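Because the structure is predicted, anything quoted here is derived from the model rather than measured.
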Amino acid sequence: MIKIKIQKNDNCIKKIIITGHANYDEHGKDIVCASVSSIAITSVNLILRMDDKAINVKQSDGLLEIDVLKHDTNIEVVLENMLDMLEELSKDYEKNVKII
């Protein structure tokens, strides 16, 4: 199962940690893992394009950790959009994706 942990402070997202594997299908064919990865990496790339000092990203096999260093309206919109898309995915694949 993919677990998505969101840490907020004063209604601002401070950190997002995505761990695990969906185990929906075999490695290389898992559409749930691919969807989570696409949503997260596209959002990270957009934030970095807007401000390369806004977030710090750590990535390794089965882990993506996003530390939010700067807050402004655009960054918050991208982060909230990412979380909305992940939430929709978790509703469709509740055995494979969980938001904490």
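- Heavy-atom minimum distance, E94 versus K91: OE1-O, 3.9 Å.
- Taking OG of S37 as the start and CD1 of I18 as the end, the distance is 8.0 Å to the nearest 0.5 Å.
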For the pair E87 and M85, evaluate side chain to side chain contact (heavy atoms under 4.5 Å, CB included) and give the outcome as yes or no after the intermediate values. CA-CA 5 Å; E87 189 173 315; M85 289 188 292; over 6 Å; no

Determine, stepwise, if the pair D67 / K14 fulfils salt bridge (charged side-chain N to carboxylate O under 4.0 Å, His left out). CA-CA 6 Å; D67 288 304; K14 295 291 184 183; over 6 Å; no

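- Under the 4.5 Å side-chain contact rule for hydrophobic residues, I6 and M1 do not share a cluster.
- Here the shortest heavy-atom pairing between I99 and S90 reads CD1-OG, 4.1 Å.
- How far CG of D92 is from OG of S35: 9.5 Å, rounded to the nearest 0.5 Å.
- Linking ILVMFWY residues whenever their side-chain heavy atoms come closer than 4.5 Å, directly or via other members, leaves V36 and L63 in distinct clusters.
- Contact annotation: the side chain of K29 never approaches that of H27 to less than 4.5 Å [non-hydrogen atoms, C-beta and beyond].
- Once rounded to the nearest 0.5 Å, the distance linking CD1 of I16 with CG of L83 reads 4.5 Å.
- K15 and E65 get closest at one heavy-atom pair: NZ-OE2, 3.0 Å.
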I would like to know whether D25 and I31 meet side chain to side chain contact (heavy atoms under 4.5 Å, CB included); could you show each step before the answer? CA-CA 7 Å; D25 202 344; I31 62 169; over 6 Å; no

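- By the 6.0 Å contact criterion, NZ on K98 is open, its count of non-hydrogen atoms from other residues, nucleotides or ligands being 12 or less.
- Note that CG of N56 is 6.0 Å distant from CG of L69, once rounded to the nearest 0.5 Å.
- No continuous path of hydrophobic side-chain contacts links M50 to V77 [ILVMFWY only; heavy atoms under 4.5 Å].
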Between Q59 and V44, does a side chain to side chain contact (heavy atoms under 4.5 Å, CB included) hold up when you go through it step by step? CA-CA 11 Å; Q59 186 176 5; V44 163; over 6 Å; no

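- At a threshold of 4.5 Å between non-hydrogen side-chain atoms, the residues L48 and L46 do not count as touching.
- Considering only heavy atoms from C-beta on, M82 comes within 4.5 Å of I66 through its side chain.
- Rounded to the nearest 0.5 Å, atoms CD1 (I55) and CG (L79) are 7.5 Å apart.
- Across all their heavy atoms, T42 and S38 have their closest contact at OG1-O, 2.7 Å.
- Remark: the backbone N or O of C12 is not paired with any side-chain donor or acceptor of D10 at under 3.5 angstrom.
- For the pair I2 and A22, the tightest heavy-atom approach, listed with the atom from each and the gap, is CG1-N, 3.4 Å.
- To the nearest 0.5 Å, atom NE2 of residue H21 and atom CG of residue D30 are 9.5 Å apart.
- When all heavy atoms of E76 and I13 are compared, the pair lying nearest together is OE1-N, 3.9 Å.
- Residues I17 and L89 are members of separate hydrophobic clusters, defined by side-chain heavy-atom contacts under 4.5 angstrom among Ile, Leu, Val, Met, Phe, Trp and Tyr.
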